[in-house]
Protein chains: 2
Amino acid sequence: MTAGLQPDMFDPACPTTVMPFQIGDKWTAMVLLCLEGGPRRFTELRVPLRRVTPKVLAETLRSMERDGLITRSAYDENPPRVEYSLTPLGHSLLKLLDAARSWCTEHMGDLVAARAAFTARPAATGS
Amino acid sequence: MTAGLQPDMFDPACPTTVMPFQIGDKWTAMVLLCLEGGPRRFTELRVPLRRVTPKVLAETLRSMERDGLITRSAYDENPPRVEYSLTPLGHSLLKLLDAARSWCTEHMGDLVAARAAFTARPAATGS
DNA sequence: CTGCATCCGAATGGATACTG
DNA sequence: CAGTATCCATTCGGATGCAG
């Protein structure tokens, strides 16, 4: 496979962005997801992650590599090519991420309802 | 139960602090854990969380309440008393947290090893 | 006791521009 | 293409002090 990544893979409008769960840095989980389908190149990752600047993406990738979540393979060609891929450890994290996503799917309604209820509450005892 | 919380429940030296997960804000997960055994009072939470200032704890609690993770019960007594307890939603999150902790337990070795390997690496191609 | 207000410092995340 | 370097804005966590 390794079909191109969908540019709208992480729609900013997606309500899951307000989920109370985070893996690593802000973009770590998304990178994990992007890498799920096979190795990806730096620029390739920037497509669905178009909100991230190269600097931040590089930092994220670097820390993920440091933690053994991904592998960086640089090919000394011209033009240069670098590929990032998931390690077994990264894959195992993916499972956890999946659990988190399940939770989100399952309880998003409650969450939204809770927020709505909370917002509509201030008219209580006091003012 | 509701026995007193252990002051060293979250030892700063605990290596799990470097884990790549986070639920909500920095302290959310710990509050969740503290509330696992039953309702707790504000000051009571400050014992194991002695590193957190009242302001931040209040903020954390507030946002957790907003998300329907906990319930805040204020008793208009003298002296004032306020108790926080987990909602079903909070409990369900606890399960997820548990999954995360399992992952940590299981893969912490890999993580530490990866970091060590990464640190010891810079002597590669170049200087 | 509870927890809000103000001010502050550190850390993140990011924009822009430049290099191998 | 794949980053790095510099600078900047915002946010976050926190210290201190005050109020109900």
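Order of the sequence lines sets the chain letters (A, B, ...), proteins ahead of strands, with each chain counted from 1. Atoms considered below: every heavy atom in the structure, side chains included; atoms not considered: hydrogens, waters and symmetry mates.
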Quickly work out the A:Glu65 CD to D:dA2 P distance and round it to whole Å. 15 Å

Flag, side chain of B:Glu44 to backbone of B:Arg41, donor-acceptor distance under 3.5 Å: yes

Look at A:Arg101 together with A:Asp98 and state whether they make a salt bridge at an N to O cut-off of under 4.0 Å. yes

Closer than 4.0 Å, any side-chain N/O of A:Arg72 to the OP1 or OP2 of D:dG3? yes

For A:Phe42 and C:dG20, give me the distance from atom CZ to atom P, rounded to whole Å. 17 Å

Rounded to the Å, how far apart are A:Arg46 CZ and D:dA2 C1'? 10 Å

How many whole angstroms separate atom CZ of A:Arg51 from atom P of D:dA9? 20 Å

Could you tell me if A:Arg40 sits above the aromatic ring of A:Tyr84, with its cationic atom closer than 6.0 Å to the ring centre and no more than 45 degrees from the axis? no

In whole angstrom, give the distance that lies between atom CD of B:Glu59 and atom P of D:dC12. 9 Å

Separation of D:dG13 C1' from B:Met30 CE (nearest whole Å): 12 Å

Side-chain contact check for A:Tyr84: nearest option of D:dG3, C:dC1, D:dC1 is D:dG3

Looking only at side-chain N and O atoms, does A:Trp27 come under 4.0 Å of OP1 or OP2 in C:dG14? yes

Per B:Pro54 side chain, nearest of listed nucleotides C:dT16, D:dG3, C:dC4: C:dC4

Given D:dG3, is OP1 or OP2 found less than 4.0 Å from the side-chain N or O atoms of A:Arg62? no

Does D:dC7 have OP1 or OP2 under 4.0 Å away from a side-chain N or O of A:Lys55? no

May I ask you to check if B:Arg81 and B:Tyr75 form a cation-pi contact, with NZ or CZ under 6.0 angstrom from the six-membered ring centre and within 45° of the axis? yes

Taking only side-chain nitrogens and oxygens of B:Arg41, does any of them come within less than 4.0 Å of OP1 or OP2 of C:dC1? no

Of the nucleotides C:dG14, D:dA2, D:dT4, which one has an atom closest to the side chain of A:Thr43? D:dA2

Whole-Å distance between D:dG13 C1' and B:Arg50 CZ? 18 Å

Might you point out which heavy atoms bring A:Arg46 and A:Val52 nearest each other, and give the distance in Å? NH2-O, 3.5 Å

Among D:dC1, C:dT16, D:dG13, the one nearest B:Asp25 by side-chain distance: D:dG13

Find the distance B:Leu61:CG to C:dC1:P and express it as a whole number of Å. 16 Å

Take A:Pro79 and B:Gln22, find for each the nucleotide of DNA chain D with the closest heavy atom, and name the residue whose nucleotide sits nearer the 5' end. A:Pro79

Against the side chain of B:Val56, the closest entry in C:dC4, C:dG13, D:dG13 is D:dG13

